[in-house]
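Written out below as structure tokens is the structure these notes cover.
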2 protein chains.
Amino acid sequence: MSSGPRVLVIDDEIQIRRFLRISLEANHYEVYEVGNGLEGISRAAQLRPDLIILDMGLPDIDGLEVLRRLREWTTTPTIILSVRDADEDKVAALDSGADDYLTKPFSLEELMARMRVAQRHAQPGPQPTVFTCGNVSIDLAHRQVTKNGEQVRLTPTEYALLRQLVQHAGRVLTHKQILKEVWGPEYMEETHYLRVYFAQLRQKLEDDPSLPGLILTEPGVGYRLATD
Amino acid sequence: MSSGPRVLVIDDEIQIRRFLRISLEANHYEVYEVGNGLEGISRAAQLRPDLIILDMGLPDIDGLEVLRRLREWTTTPTIILSVRDADEDKVAALDSGADDYLTKPFSLEELMARMRVAQRHAQPGPQPTVFTCGNVSIDLAHRQVTKNGEQVRLTPTEYALLRQLVQHAGRVLTHKQILKEVWGPEYMEETHYLRVYFAQLRQKLEDDPSLPGLILTEPGVGYRLATD
DNA sequence: TCTAATCTTGATACTTTCTTAATGCCTTCC
DNA sequence: GGAAGGCATTAAGAAAGTATCAAGATTAGA
């Protein structure tokens, strides 16, 4: 199972690892596992997982130490598993940067609920994906296009076309590539659509539509978006 | 005593409130307390605390309901206290937006450690409670909508729809997004509902419903709330 | 139970967008 | 220089999407 959130499990008990692998994969997580702390740290650096589940009792180095070493360079949400239920252990782990602390034995339902909470916390602000070129800016996350600060109205097709260009800004997109992505594979020969829609886009976005500075034609090949 | 993080305690047991007040104040928190859910919601809106500690068992409305009502307008870190230790209670609370869940009796040390975690997660910068655009203002915390200072009566569905727009003010919400959030995922194709309800909202909120200045249509895509 | 409010559904007029075609420009090649 | 092909521009009918009204069904409250 793949394409879900990536979880790194650091635990020396093979039964726990097995249990978590099976259970989490059944719930569409992509699970990676290691059996000791040092390996855990290097795997975390290599994999860049979305979530870490860390056992406190590891054979090589203390789980708390693993957590501290992780927190030196990453804020990846980390949930602690431990057999110890004492306050001072919990406090130490939470204050060392853990996002949650569960005592073994734990229920899978609760663990997964707390994993969802951790993931909620992980993505606070939507990172801006704004493409800017000259006086035109395109915000794919908000579906907003502005020229000189004023909003520009684009039809669904015009926007889909522009998005295609932005996603490959700077590169030349062939006629067929664009037609396939925006209109669908059965429209690959309808090159006149491109003419009409690029003219409309230029009308709305270019300072002087007859002298394009943003949407550039590559004769005989396709079109390209200028990168500043 | 003051100037520390502001904590709102919502719990009907006076001994718990007393215990928390004394303990937390000794640790430089500024503590406010209420004994029921409805008062808790309004105090939260008024105080804008940095943290909320919420008991599940309240005399007036269910703690879960309080949490949901809070999450309609604020992301203030909220820690749940409960006598119930069952998985389904924990999962329900955590999935309804709680940041942590502690079972009574709990240790003060652990609670405070978890409060510190919650505060770490808190996004800096308070979000405004009241959305205003032109002569219309929408107060999500108090579920009140006014036009030119006069209260506007909205049906439950109308309000849910408007809330959805306010929570993403300025952004385009697609038809499907709105239908899924307001009516549920099984209504994702019922675009006709949007037409009817947006017409009703405009009738009640716009100066000239035929020339919308607040609720804007993005043809072929969805709707958007004007920002100022 | 009855009443009033709200939700759901259908009909119709209207607006925007898509598709298609016609025309003219420019560059390239003979 | 002239012809040919690729490109830009405009416009009009077709199609899709949107606004509005109103009546029947359902639900909630007295």
Side-chain angles (χ1 to χ4, degrees), chain A residues 143 145 151-165 172-225, chain B residues 143 145 151-165 172-179 181-184 186-225:
Chain A
R143 202 198 178 274
V145 180
Q151 189 174 346
V152 179
R153 294 190 132 268
L154 295 183
T155 71
T157 307
E158 285 164 4
Y159 182 79
L161 189 57
L162 184 60
R163 193 183 53 196
Q164 211 56 40
L165 290 183
V172 183
L173 284 168
T174 67
H175 299 143
K176 291 197 176 186
Q177 275 182 309
I178 301 171
L179 286 163
K180 187 180 167 192
E181 290 301 322
V182 175
W183 280 271
E186 64 271 31
Y187 288 76
M188 292 221 281
E189 306 305 320
E190 311 281 343
T191 50
H192 60 276
Y193 278 26
L194 295 177
R195 312 257 151 69
V196 173
Y197 275 91
F198 274 111
Q200 282 170 198
L201 271 182
R202 283 172 171 156
Q203 205 66 45
K204 290 183 178 180
L205 297 177
E206 299 280 3
D207 287 320
D208 181 355
S210 60
L211 283 163
L214 178 71
I215 297 165
L216 310 176
T217 303
E218 298 285 339
V221 186
Y223 294 85
R224 181 168 66 85
L225 201 66
Chain B
R143 293 189 171 207
V145 180
Q151 188 169 345
V152 179
R153 269 188 70 79
L154 295 182
T155 72
T157 307
E158 285 165 4
Y159 181 79
L161 189 56
L162 184 60
R163 176 158 59 84
Q164 210 55 40
L165 289 183
V172 182
L173 286 169
T174 66
H175 298 139
K176 292 197 176 185
Q177 277 181 308
I178 301 170
L179 286 163
E181 291 300 322
V182 175
W183 281 271
E186 63 272 31
Y187 287 77
M188 293 221 281
E189 307 304 320
E190 309 282 342
T191 50
H192 189 77
Y193 281 22
L194 295 178
R195 312 262 146 68
V196 174
Y197 277 89
F198 274 112
Q200 283 169 197
L201 271 181
R202 282 172 171 156
Q203 207 64 45
K204 292 184 179 181
L205 297 176
E206 298 279 3
D207 288 320
D208 180 355
S210 61
L211 283 163
L214 178 71
I215 297 165
L216 310 176
T217 303
E218 300 283 342
V221 186
Y223 294 84
R224 184 167 65 84
L225 202 66

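Chain A is the first sequence line, chain B the second, and so forth, proteins listed ahead of strands; every chain is numbered from 1.
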State whether [X] places a side-chain N or O below 4.0 Å from either non-bridging phosphate oxygen (OP1 or OP2) of [N].
X	N	value
A:Y197	C:dC18	yes
B:R153	C:dT6	yes
A:W183	C:dC18	no
B:T191	D:dG17	no

Tell me every residue that passes salt bridge (Lys or Arg N to Asp or Glu O under 4.0 Å) with [X], counting only those two or more places apart in sequence or in another chain.
X	value
B:R143	B:E72
A:K176	A:E189
A:E190	none

Could you encode protein contacts along nucleotides 23-30 of chain D as a string, one character per nucleotide from 5' to 3', using B for base contact, S for sugar-phosphate-only contact and - for no contact, with a heavy-atom cut-off of under 4.0 Å?
-> --------
So which protein nitrogen or oxygen atoms get under 3.5 Å of nucleotides 20-30 of chain C's nitrogens or oxygens?
unit_1: C:dT20; atom_1: OP2; unit_2: A:Y193; atom_2: OH; d: 2.6

Whole angstrom value for the distance that separates [atom2] of [N] from [atom1] of [X]:
X	N	atom1	atom2	result
A:Q200	C:dC18	CD	P	8 Å
A:L179	C:dT19	CG	P	11 Å
B:L161	C:dT8	CG	C1'	15 Å
B:L201	D:dA19	CG	P	12 Å
A:E158	C:dT19	CD	P	12 Å
B:F198	C:dC7	CZ	C1'	16 Å
A:I215	D:dA8	CD1	P	11 Å
B:L194	C:dG10	CG	P	17 Å

Please report the shortest heavy-atom distance between [X] and [Y], naming the atom on each side.
X	Y	answer
B:G220	A:P156	CA-CG, 3.8 Å
A:F198	A:L165	CE2-CD1, 3.6 Å
B:V221	B:V172	CG1-CG1, 3.7 Å
B:I215	B:P212	O-CB, 3.2 Å

Please enumerate all protein N or O atoms sitting under 3.5 Å from an N or O of nucleotides 14-16 of chain D, with distances to 0.1 Å.
none

CG (B:L173) and CD (B:E181) are apart, to the nearest 0.5 Å, by 9.0 Å
Can you list, by residue number, the residues of residues 202-211 of chain A that have a non-hydrogen atom closer than 4.0 angstrom to DNA chain D?
->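 Result for residues 202-211 of chain A: A:R202, A:Q203, A:P209, A:S210, sorted by number.
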Using heavy atoms and a sub-4.0 Å distance, could you list which residues of residues 216-225 of chain A are near DNA chain D? By number, please.
->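 Those residues are A:T217, A:P219, A:G220, A:Y223.
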Pairs in or reaching into residues 201-210 of chain A: which pass salt bridge (Lys or Arg N to Asp or Glu O under 4.0 Å), with residues at least two apart or in two chains?
->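 Matches after skipping sequence neighbours: A:K147-A:D207, A:E158-A:K204.
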4.5 Å side-chain heavy-atom contact, A:L154 and A:L201 =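 Sidechains of A:L201 and A:L154: in contact.
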With the side chain counted from C-beta on, respond yes when A:W183 and A:L194 share a heavy-atom pair under 4.5 Å apart, and no when they do not.
->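 With C-beta onward as the side chain, the pair touches.
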Only counting residues at least two apart or in another chain, list the ones meeting side chain to side chain contact (heavy atoms under 4.5 Å, CB included) with A:Q203.
->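 Side chain to side chain contact (heavy atoms under 4.5 Å, CB included) check on A:Q203 returns A:P209.
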Can you name the ring pair (Phe, Tyr, Trp, His ring centres under 6.0 Å) partners of B:Y159, sequence neighbours left out?
->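 With neighbours one apart ignored, the set is empty.
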Against the side chain of B:R195, the closest entry in D:dT20, D:dA8, C:dC18 is D:dT20
Just report the end-to-end axis angle for the helix from C:dT1-D:dA30 to C:dC30-D:dG1, five pairs per end, to 10 degrees.
->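 End-to-end axis angle for the helix from C:dT1-D:dA30 to C:dC30-D:dG1: 30°, rounded to 10°.
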